[in-house]
Protein chains: 2
Amino acid sequence: MATGGTAERRAGARSAYLMSMAACPTHRVLDRLGDRWVSLILKELADGPRRHGELSRTVAGVTQKMLTQTLRGLERDGLVARSATGSVPPRVEYRLTPLGESLLPVMAAVTAWAERHIGDIDAARTTYDSSTSP
Amino acid sequence: MATGGTAERRAGARSAYLMSMAACPTHRVLDRLGDRWVSLILKELADGPRRHGELSRTVAGVTQKMLTQTLRGLERDGLVARSATGSVPPRVEYRLTPLGESLLPVMAAVTAWAERHIGDIDAARTTYDSSTSP
DNA sequence: CTGAATCCTCTAAGATACTG
DNA sequence: CAGTATCTTAGAGGATTCAG
């Protein structure tokens, strides 16, 4: 009966958001960087090429699925290069591309800010929480 | 009723992740910045104080719930200050704290990188997608 | 106007098992 | 070792409604 208005409005709101995303490079980059495992993986790769298994062990708590998925995403964006040699046993290495390396200074800026101000944030949280709940 | 092994293992993996998070300031900050609406809201507030309704209209596609929720989070972290005046009608303004303002240069660094390299990313995606699907 | 509470949906992410 | 496919679930996010 009539038009399924709900679904349409949903789709509308969704696309409105997605379009505003697509138009904003900063947001797209932050979205990628904000992905749970990206920063940890980039940090690892910053020190040099790593094998799949190495990352799997080094990056605390990542599942094999998320590792592959995240690496694929980074590869797709041209930030990470994947090089497979031989077929059995497989030996796959991941490393930063020049584009990926150009991102390191930005990460460093974030890290610097984070380490300098994380205390302020924690302090603010404590204050906020204690003035809210009690 | 015995040990619910499944739930425990789930909780274990989860806490392993959460603990590694808590230990890494960079990751915590990126997690916050990566939140869907944070960068858009900070961008707005960078230009000066804004009322709730203003943000609701300006930030494309945000729902009232997410706006409030995001602002609460930023307030809790001490990045944004909330000032309410009067009671009826309510007039609430949000603005960056000094801590929040100190974050702007970092955001600027991200923006600069993003705008310079977003083309590379899109190009890489096109290449990747065309070499994968066909 | 600001914002809290409710409900509902859909996706992201973990566990698991299977190929090459 | 590297990667894929499938199932399930917790939670994020959106619509809606109520309150001060």
Under-4.0 Å side-chain N/O to phosphate OP1/OP2 contact, [X] with [N]:
| X | N | answer |
| --- | --- | --- |
| B/R72 | C/dG3 | yes |
| A/Y94 | D/dG3 | yes |
| A/R36 | C/dA12 | no |

| task | State, with a plain yes or no, whether a side-chain heavy atom of A/L33 is found less than 4.5 Å away from one of A/M107. | result | yes

| query | Looking at side-chain heavy atoms only, is the closest gap between B/L99 and B/S102 below 4.5 Å? | reply | yes

| query | Considering only heavy atoms and no angle criterion, is a donor-acceptor pair shorter than 3.5 Å present between the side chain of B/Q69 and the base of D/dG13? | reply | no

Short question: side chain of [X], backbone of [Y] - any donor-acceptor pair under 3.5 Å?
| X | Y | value |
| --- | --- | --- |
| A/H27 | B/R36 | yes |
| B/E101 | B/P98 | no |
| B/T97 | B/L79 | yes |

Rounding to a whole Å, what distance do you find between [X]:[atom1] and [N]:[atom2]?
| X | N | atom1 | atom2 | value |
| --- | --- | --- | --- | --- |
| A/D35 | C/dA13 | CG | C1' | 11 Å |
| A/L71 | D/dT4 | CG | P | 11 Å |
| B/L40 | D/dG13 | CG | P | 13 Å |
| B/W37 | D/dA12 | CH2 | C1' | 12 Å |
| A/L55 | D/dA2 | CG | P | 9 Å |
| B/R50 | C/dT2 | CZ | P | 14 Å |
| B/Q64 | D/dT17 | CD | P | 14 Å |
| A/H52 | D/dA2 | NE2 | C1' | 6 Å |

When you check the gap from the basic side-chain N to the acidic O, do [X] and [Y] get nearer than 4.0 Å?
| X | Y | value |
| --- | --- | --- |
| A/E44 | A/R50 | yes |
| B/D122 | A/R28 | yes |
| B/E93 | B/R95 | no |

| Between A/K65 and B/R91, which is nearer to the 5' end of DNA chain C once each is assigned its nearest nucleotide? | B/R91

| message | Quick check on the helix from C/dC1-D/dG20 to C/dG20-D/dC1: what's the angle between its two end axes, five base pairs per end, to the nearest 10°? | response | 40°

| remark: The side chain to side chain donor-acceptor pair (under 3.5 Å) partner of A/T68 among A/K65, A/Q64, A/R72 is A/Q64

| request: Would you indicate which nucleotide in C/dG3, D/dA15, D/dA2 comes nearest to any side-chain atom of B/T63? | output: D/dA15

Output a table of nitrogen or oxygen pairs between the protein and nucleotides 18-20 of chain D separated by less than 3.5 Å.
none

